[in-house]
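Remember, it's 1-based here, ligands and their atoms both numbered in the order they're listed. These numbers come from the heavy atoms of this one structure, side chains and all, not from hydrogens, waters or symmetry mates.
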Amino acid sequence: MAASIVEHGEDAFRKLFKFYKRRKPPPDFSDVIDFSKGLRNEKVFNTELSPTAVSENDARLAGLQPVQEWKAFGLEGYPGFIFISNPFLPGTQQHWVKRCLKVYPRKPNVCNLDMHMSASETERIWESSIQLMRSKISGKREPKTLLEKLRWVTLGYHYNWDTKTYSAEQHTPFPADLRALSKHVAAACGFPAFTAEAGILNYYRSDSSLGIHVDESELDHTRPLLSFSFGLSAVFLLGGAKREDPGTAMFMHSGDIMVMSGPSRLLYHAVPRIVDASPGAPLPPPLQRGPDRDPPTDSLAQRVNEEDWAACTRYIQASRINMTVRQVLGPGQAFPSATQRRAESAGGETYHEVESEGDEDPDPKKRRNVSDSSVKS
Ligand code: OGA
Ligand code: MN
């Protein structure tokens, strides 16, 4: 049972990670906190948000329910950690799924495929994947689509996986819709001055995981880290300030939002497992088509057309997308100069990248220093 693993001890967190990652036999999920079930676990409590910080209209335009309707929870022992159980309006999650698949991977944003491919090829990730999906004969082994090979996209200040830093030089405009969504969520959680400056989007297939890490490259740790989940559910592990501290397992379902702030901002965490849907299972209800009326014309979350949604559905039935949004610089803060940067060593030993069993080089360190041979079509 998981309880015996969660005891204090040298490698409690790693043990927990391995426990939930295991395929055969599959683990017992009965200790995984499920916030969609409310206060069923004694460590879970209701958290008050700031409903007046976001107008009902602003929330609606971003595809969110009014803040007073949101179900927000805290977790005993993790001050500053806030879990919001799917606050999206029916039908609006589709907008974010489409943006993550069709639009955000495009230039000027950066993605893992850029390391192996020319800009003209990665410009057409969506188009070429749709084409290949259409020509696939079911049951036959076919080459993977580019969407199936997509692991991460960075936005705004582009995270450098090698140096584990952000810099003034590697910056492109942050998407306005995601910036607005993030602003509202942060404001509702008590951070009205939050500005979305960097995004890491993670794309998980059903056998993917994300290793144990801390997000500490941002220069201002007083600003929260926001995390949005779509598609398949995942087991998320929240640990302590030290890598070996014990942790707590929780499900993240489609539409759930997690906010790590205050003392929880720099806690170790990981995603050991994606919870696979049974073959042919319908999409989780929050991802299904919403009411048949179009959202207001000024809404950020515009209705996704049938054709695009059909392609998104095929992808998201077997995948999870996670958008993490960060503020990098505090007010008046600037990046260290290149000289200062050279003088400092490049970060700790933590790595941070979705890894999948099917990836050709499963060693994340090697995969990051990509060579042409590691992804072939
Ligand atoms: C991250 C992260 C967790 C998730 O991108 O830093 O921790 O739920 N993501 O995918
Ligand atoms: Mn993280």
With sequence neighbours left out, the residues meeting side-chain hydrogen bond (donor to acceptor under 3.5 Å, both in side chains) with D276 are none
Within 4.0 Å of some non-hydrogen atom of H269, the atoms of ligand 1 are 7 (O)
- Message: Check for me whether the distance between the ring centres of F236 and F83 falls short of 6.0 Å.
- Response: no
If we number the atoms of ligand 1 from 1 as shown, the ones under 4.0 Å from a heavy atom of N202 are 1 (C), 5 (O), 9 (N)
Numbered in order shown, the ligand 1 atoms found under 4.0 Å of a heavy atom of V271 are 3 (C), 4 (C), 8 (O), 10 (O)
| task | Please determine if R320 has a nitrogen or oxygen closer than 3.5 Å to a nitrogen or oxygen of ligand 1. | result | yes
Vertex the Mn ion (ligand 2), ends D215/OD2 and H213/NE2: angle to nearest 10° comes to 100°
Counting from 1 in the order shown, the ligand 1 atoms closer than 4.0 Å to a non-hydrogen atom of R326 are 1 (C), 5 (O), 6 (O)
Side chains of S217 and T165, heavy atoms from C-beta outward: is any pair under 4.5 Å?
no
Report yes or no: does M258 have a heavy atom closer than 4.0 Å to ligand 1?
no
The answer for which part of L225 has a heavy atom under 4.0 Å from ligand 1 is neither
Contacts of K21 meeting salt bridge (charged side-chain N to carboxylate O under 4.0 Å, His left out) (sequence neighbours excluded), chain-then-number -> none
For the CZ atom on R314, are there more than 12 heavy atoms of other groups (residues, nucleotides or ligands in this structure) within a distance under 6.0 Å?
no
If we number the atoms of ligand 1 from 1 as shown, the ones under 4.0 Å from a heavy atom of D215 are 6 (O)
| field | F73 ring center within less than 6.0 Å of F81 ring center | value | no
Got a salt bridge between R223 and E218, using NZ or NE/NH1/NH2 to carboxylate O under 4.0 Å?
no
